[in-house]
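To keep things clear, I will list the structure first and then write my remarks on it.
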Amino acid sequence: MIVILKSDVTKEQVAEFADVIKKKYSVDVHTSFGEQSTVLGLVGDTKAVDIDSISAFSVVETVHRVQEPYKKVNRKFHPDDTVIDVNGYKIGGGELQIMAGPCSVESKEQIIGIAESVQKSGANFLRGGAFKPRTSPYAFQGLRATGLDLLKEAKNATGMPIVTEIMSADHIELFEDVDVIQVGARNMQNFELLKELGHCNKPILLKRGLANTIEETLMSAEYIMSGGNENIILCERGIRTYETFTRNTLDVSAVPIFKKLSHLPVVVDPSHASGITWLVEPLSLAAVAAGADGLMIEVHNDPPHALSDGAQSVTPEQFARLSDKILTMSHAMKSIC
Ligand code: PEP
Ligand code: MN
């Protein structure tokens, strides 16, 4: 249920009213102070909450029941875009952030070399997998804790915030110096992991599962947010369809849909969506045109010899040209929107 308050209510009145509601109905109250209005989201068992008695409070403008099962991530609870500030780089709210780096961290020279080159070409975030979710147990599993140390070295060398995937709640302590924790597609419905991440205050990049709907993705974000962590970035990375030409099918429409249904920022990963290097550029541009708040692109110095995902990785030189086009597209979008 959402309660929209009158525009002239003071912060003290909001706090007082929220307190009354919490006590009277034993529900959790989520307050959003927006540019246009203050919205209270009531979460929990709201069946017994009577719309007429809430409407009778002098501070209340209107009251609605929210039908969707996701509440805190719902745009109705928080009409303004959520903007996540990572070391001064803003994700959401009109900025476009490019996250780039290899699929897997392979060595110190590799990760620092790629970090320096993508930074020069316009990427603000360094991605790189240390714990790798591989389909085959015989494939390279990542450098694990050593990979995280190498990412930290690359961060120290460049100042770039790092984004890397977590696969188990048991590893959370190892991620202390990680700036954005990625939940990969295969773990989108690892609910115990999501609950644990709800208790940490780091930004979480939540990738849509291979075969998950938009609503299921929002419910996974709700798991994290209901634990108290509001710093969530949604990531569309392609879904399984009957098409076999590409590794996955980029669901471009998910971008405006996520942004309509939720206030969370949306990043697109054209690399895993396509599985093919030459498709990364058109899909990146399509994602920006669709309103994405950021892109996550795999870049490798030597794709044919990459330990994972070489077939979809662009070289640093290709990334430099791509990055220029992405920024041009982003400016064009700003001028027409
Ligand atoms: C990755 O980012 O390297 C990755 C494994 O992505 P996804 O979970 O989208 O497959
Ligand atoms: Mn990959």
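Note that the structure is predicted; figures quoted are calculated from it, not measured. Counting starts at 1 for both ligands and their atoms, in listed order. Quick note: numbers below take in every heavy atom, side chains included, and nothing from hydrogens, waters or symmetry partners.
- Between Gln141 and Arg134, the side chains place no donor N or O within less than 3.5 Å of an acceptor N or O (distance only, hydrogens not considered).
- For the Mn ion (ligand 2), the count of nearby protein N, O or S atoms, meaning those under 2.8 Å away, is 4.
- A distance-only check finds a donor-acceptor pair linking the side chain of Arg75 to the backbone of Lys259 [under 3.5 Å].
- Arg321 has no carboxylate O lying under 4.0 Å from a charged side-chain N of Asp324, or vice versa, which leaves the two without a salt bridge.
- We find that Lys90 and Asp293 are not joined by a salt bridge, their nearest charged nitrogen and carboxylate oxygen being 4.0 Å or further apart.
- In this structure, ligand 1 sits under 4.0 Å from heavy atoms belonging to Cys103, Arg127, Lys132, Pro133, Glu165, Gln182, Gly184, Ala185, Arg186, Lys207, Arg237, His272, Glu298.
- Looking at Lys207 and Asp269, a side-chain N of the basic residue comes within less than 4.0 Å of a carboxylate O on the acidic one, giving a salt bridge.
- Between Tyr70 and Thr217, the side chains place no donor N or O within less than 3.5 Å of an acceptor N or O (distance only, hydrogens not considered).
- In this structure, the side chains of Ile233 and Ile204 stay at 4.5 Å or more apart for every pair of heavy atoms.
- Under the 30°/60° scheme for interplanar angles, the aromatic rings of His78 and His30 are found to be tilted.
- The environment of CD in Glu243 is crowded: more than 12 heavy-atom neighbours from other residues, nucleotides or ligands sit within 6.0 Å.
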